[in-house]
Amino acid sequence: MLFSRKAGTSFLMAALASLALSSCGLELGEKSVDQSLNLGGKDLGCLDGGTQTMVEYFHGHASSQQIGDLVDCMGRSLQLFADRTRGEAEGLYSDQELKNFIERYFLKDTRLPDGLVRELMEFKRTMLGGRSDRLTAGEIREARRFLEVIKEQAIRLQPFMPLTPEHYGSLSETEVDQGLSALESAASEIGKRMRGAGQDYEFTRLESLLTEVERTALTPSAAEAIAEFRASIPMFQRLKAFLLSPDHSRILSDEWEPLLTTSSRGFGLYLRFASIDQRYRSLVLANDGLAPGRAELLRIGRDISELLITAIGRRTEGVIRFEEFDSFVDSIDPKYLVVMGHTLQPEHLKNGLRAAVRRGLGGAEPGAIGRGAVGLTQAAVNRAWRLIQDWAEAQRYLDLAFTQLGKRAAGMRIAAESRPARRSQLLALTLEDVYGADQAGLSAPVLAAVDRMRGVIAEQPSLYRRGGTEVYFDSRNVGEDPLFSYAGLSQMNSMNLLSRLLMSAYAEEPARSKTAVVQSEVERLYLDLRDLGVDLRIFDPDSDHVAQRRFLDSNLFTYAANGDELMDVSEATQILAYMISAKAATARVHRRISELCRAPGATPELDFWGFPLIEARCYRKIFFERHAEMWSNMPELSEYYRVLRADPKRKRILEAFERNIEAVSRKQGYSEAPFTSSETDTIFGLLQYLETVFMRFDLDRSGTIGMYEAFEAPDAAFPVFRGALARASGFGGDKNLRTLFSFLLGHGRIPGTIDFIVWRLRGPEWSFEADRGRMIEIMAELSAALKAKERQEGADLALPSWVYRGFSSGQLASEAEQYDENGELRGATP
């Protein structure tokens with residue numbers, strides 16, 4: 001984030017503090033000459049302790065009376081100076097005369113440093129006009145009017161201090177609105193006063209002013225806050241250039257009001273967003289079926305859009321160029337580039353922003369408002385806002401639909417998440433059922449969002465049991481009429497929208513821009529996101545094959561997989577759900593195993609992702625002995641393993657099952673090296689794919705896949721895997737491919753040449769029942785082949801090679817083709 005609790009109170013607050021500190025009590029250690037002037041007791045020394053009052057004000061501890069008295073004291077000191085001091089000329093005073101007067105009669109026994117006076121007079125010139133070494137009677141009168149404005153706005157803001165996310169998270173929605181309205185009003189009123197001076201202000205002068213103020217701060221906390229704000233000046237310079245005008249070296253006289261107003265509005269959006277989780281239970285629902293948190297998120301999105309569109313409108317070209325983004329990113333202190341505990345590299349962030357604008361927000365559009373954009377345009381901002389609206393309208397539809405079903409079931413309004421609904425129930429609802437009389441006035445974008453959400457309900461399986469982000473694998477979830485939870489469909493809403501965004505952003509053919517992407521386009525997406533993903537500890541820095549593997553996985557191991565060479569919206573939605581699910585399971589399981597395996601008082605070594613490395617033997621023991629806990633989202637897999645473990649006669653099968661899971665999932669195969677969290681992630685990816693195969697193709701729920709389910713059922717497995725088998729083996733024709741597929745299911749390994757020929761000749765006699773252990777055997781064989789091929793420089797890594805016992809796929813195919821269907825060599829003499 002770009003603002004800290006100590007210093008991030010917007011440029012407006014800096015301006016207020018700078019003026020107020022011009023005559024606050026500053027502890028410098030030098031004694032002044034004790035002279036008398038006929039002042040009342042409340043006036044004498046009234047500025048002593050002013051710095052502390054200001055610090056307390058910004059921390060929310062000073063009362064309206066205290067801040068009002070301080071500002072009044074400043075005004076009286078200026079008036080008394082004008083009334084009782086004779087300058088070098090009538091109505092004309094030097095900066096030293098003002099300095100001496102304040103020191104003698106208002107600061108008791110402290111002195112103002114010359115550097116601070118000089119910088120304050122420069123700030124005076126900007127606000128009030130005139131020269132930086134002189135003060136006129138007219139300027140003193142104007143300064144007092146200015147102080148009255150500051151007093152009025154400071155008192156108005158006082159009930160809403162401090163300006164921190166923690167404080168604003170404790171306020172009601174009405175109080176937040178009032179506080180941010182007061183902040184923006186203060187910025188506007190002060191900006192109006194400052195623009196009349198007609199003087200520009202160099203950012204170098206602001207840096208010098210803050211340096212002087214920092215040196216004279218009464219407390220270490222005050223000095224730290226000022227130093228932090230001073231260090232942020234380069235960022236504010238670039239932000240000012242980004243939002244107002246390209247000149248980042250100064251603030252022009254007519255820019256004060258828009259600068260302060262825009263800064264306060266931007267800071268208000270930050271406070272809203274940073275405190276939203278504290279103020280609202282959820283962004284997706286509430287007990288009455290509506291979500292005030294989501295309404296707040298929409299409001300923030302709309303206001304950000306308006307802020308950006310206004311900034312773009314100030315550009316003659318109608319675009320904020322990427323070079324300006326780059327300069328802004330370069331100006332950000334690295335400590336503000338920390339996301340989820342990880343620091344983003346500026347170059348990676350800049351490249352990611354380019355990809356987000358050109359691809360994510362450019363979509364399928366060509367030219368300067370699309371993929372050829374040179375920066376952020378109004379069209380891109382509008383696309384982003386439409387995406388947010390699409391998500392929100394689909395979510396609102398779910399709110400109202402589940403609430404309506406809850407009313408019907410219980411006769412009263414109940415929490416939307418408390419009762420799951422069947423697909424048939426949800427699809428039976430009409431627009432009138434959901435929206436009532438309002439359905440006649442629904443706009444086209446709302447109807448489009450509703451159609452998209454109903455498509456998700458109609459086409460997607462039920463991936464989630466209740467809440468959480470782990471996909472739940474249960475055969476009852478994948479029938480003709482599965483149960484959907486509200487929370488599960490809410491997650492599917494987000495992932496479906498992201499998948500559609502992927503299509504529009506990366507599909508190179510217009511005809512596919514809403515439907516599907518090819519592997520090379522997924523690879524382009526990965527390359528665009530890779531560096532940021534590594535920074536965020538999402539992607540493995542040592543793997544260059546993530547895109548190819550996820551593309552293959554989506555084509556083979558999702559409920560929607562059809563085996564073609566495209567990733568469509570349904571496949572993308574599900575593979576995204578699986579990836580998130582594996583990450584969530586890893587966080588749960590890896591930490592739990594680490595806790596159980598860690599010796600008392602030991603500090604574990606951490607892997608690249610910040611998780612503990614776990615000794616292999618202990619990992620295996622916990623992972624398999626506590627399978628019901630570890631695989632809590634895969635109950636049928638856990639039951640399969642329980643039965644296997646309970647049967648002594650199947651010990652060798654059990655050992656092979658355990659070993660193969662590790663052989664497939666670990667970079668080094670089965671190994672005594674410590675387990676990393678990345679390997680846990682891969683294990684859960686594998687197990688999810690395994691369960692998907694059985695949820696989808698084990699039609700009789702026997703726990704095995706036989707001939708009918710593999711080849712003859714309406715949704716048989718072979719058509720899904722046929723294309724992958726053909727590309728990997730080099731075989732042509734269904735007979736060879738059916739032979740290969742059935743041999744794998746029957747034997748759990750890649751066939752040698754003679755094995756293949758004999759099995760092909762026995763075609764009418766094929767019989768097999770492949771259980772989960774057999775499937776893991778197949779995956780282990782293919783994984784070993786893949787790893788062997790990856791070690792070959794320049795190899796095509798999209799699919800594993802069929803290398804087994806010294807025979808390449810080409811040899812296997814060519815030798816098999818020498819035999820006819822009767823097993824006789826072609827062309828042989830009888």
Side-chain angles (χ1 to χ4, degrees), residues 282-286 288-291 293-295 297-298 301 363 383-408 415-436 438-467 469 471 477-478 480-504 514-516 558-560 568-577 580:
S282 172
L283 299 182
V284 292
L285 77 155
D288 61 355
L290 300 174
R294 187 169 68 252
L297 189 64
L298 280 173
R383 287 191 196 104
W385 175 231
R386 285 197 297 270
L387 285 170
I388 295 172
Q389 288 179 302
D390 191 332
W391 169 80
E393 290 298 343
Q395 199 60 47
R396 179 169 176 258
Y397 172 78
L398 289 179
D399 289 349
L400 297 174
F402 272 82
T403 300
Q404 179 63 27
L405 291 176
K407 286 181 182 180
R408 292 181 180 182
E417 76 272 30
S418 66
R419 181 182 293 274
R422 294 205 171 273
R423 174 183 285 156
S424 58
Q425 292 176 297
L426 289 164
L427 294 180
L429 291 172
T430 66
L431 287 177
E432 187 174 0
D433 291 332
V434 175
Y435 292 98
D438 294 339
Q439 60 92 19
L442 296 177
S443 65
V446 172
L447 292 173
V450 171
D451 286 344
R452 181 179 64 79
M453 197 65 246
R454 288 178 65 86
V456 170
I457 295 168
E459 298 165 10
Q460 299 288 348
S462 179
L463 296 183
Y464 301 95
R465 190 178 189 184
R466 289 286 187 183
T469 55
V471 173
N477 286 10
V478 293
E480 288 295 320
D481 198 18
L483 280 170
F484 288 98
S485 70
Y486 173 89
L489 280 176
S490 296
Q491 293 189 77
M492 295 298 287
N493 175 27
S494 300
M495 286 179 283
N496 180 262
L497 193 61
L498 285 174
S499 299
R500 290 173 181 271
L501 180 61
L502 162 64
M503 308 302 153
S504 66
K514 295 182 180 180
T515 58
T558 60
Y559 290 105
D568 62 30
V569 173
S570 292
E571 291 170 337
T573 300
Q574 291 171 26
I575 200 66
L576 180 59
I580 295 172

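Every heavy atom of this structure was used, including side-chain atoms; hydrogens, water molecules and symmetry mates were not.
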Does [X] have any side-chain contact (heavy atoms from CB on, under 4.5 Å) partners at least two apart in sequence or in another chain, and if so, which?
| X | result |
| --- | --- |
| Ile388 | Leu298, Trp385 |
| Arg454 | Tyr397, Leu427, Val450 |
| Thr515 | Arg512 |
| Pro482 | Arg423, Ser462, Phe484 |

Tell me, do [X] and [Y] make a side-chain contact under 4.5 Å, heavy atoms counted?
| X | Y | result |
| --- | --- | --- |
| Leu447 | Leu431 | yes |
| Tyr435 | Arg396 | yes |
| Gln425 | Phe402 | no |

Distance-only check: which donor-acceptor pairs under 3.5 Å involve side-chain atoms of residues 495-502, not counting sequence neighbours?
| residue | atom | partner | partner atom | Å |
| --- | --- | --- | --- | --- |
| Asn496 | OD1 | Arg452 | NH1 | 3.2 |
| Asn496 | OD1 | Arg500 | NE | 2.9 |
| Ser499 | OG | Met495 | O | 2.8 |
| Ser499 | OG | Thr573 | N | 3.1 |
| Ser499 | OG | Thr573 | OG1 | 3.2 |

**Report entry** Any donor-acceptor N/O pair, Asp481 side chain to Arg422 backbone, under 3.5 Å
**Finding:** no
Query - Gln574 (side chain) donor-acceptor with Ala560 (main chain) under 3.5 angstrom - result: yes
Side chain to side chain donor-acceptor pair (under 3.5 Å) partners of [X], counting only residues at least two apart:
| X | value |
| --- | --- |
| Arg383 | none |
| Ser504 | none |
| Glu571 | none |
| Tyr464 | none |

Inter-residue atom distance [X].[atom1] - [Y].[atom2], 0.5 Å rounding:
| X | Y | atom1 | atom2 | value |
| --- | --- | --- | --- | --- |
| Leu398 | Glu393 | CG | CD | 11.5 Å |
| Tyr486 | Thr403 | OH | OG1 | 8.0 Å |
| Ile580 | Ile575 | CD1 | CD1 | 11.0 Å |

Requested in this report: Could you tell me which residues satisfy salt bridge (charged side-chain N to carboxylate O under 4.0 Å, His left out) with Asp433, sequence neighbours excluded, listed by chain and number?
Outcome: Arg408
Report task. Please name all residues satisfying salt bridge (charged side-chain N to carboxylate O under 4.0 Å, His left out) with Asp568, sequence neighbours left out, ordered by chain then number. Result -> none
Report task. Give the C-alpha distance, both sets of side-chain angles, the deciding distance and a yes or no for side chain to side chain contact (heavy atoms under 4.5 Å, CB included) between Asp399 and Arg294. Result -> CA-CA 11 Å; Asp399 289 349; Arg294 187 169 68 252; 2.5 Å; yes
Query raised in the report: Are Met453 and Asn493 close enough, and set up right, to give a side chain to side chain contact (heavy atoms under 4.5 Å, CB included), and what steps lead you there?
Result: CA-CA 7 Å; Met453 197 65 246; Asn493 175 27; 3.7 Å; yes
Report task. For residues Val471 and Ala577, report the shortest heavy-atom separation together with the two atoms involved. Result -> CG2-O, 3.8 Å
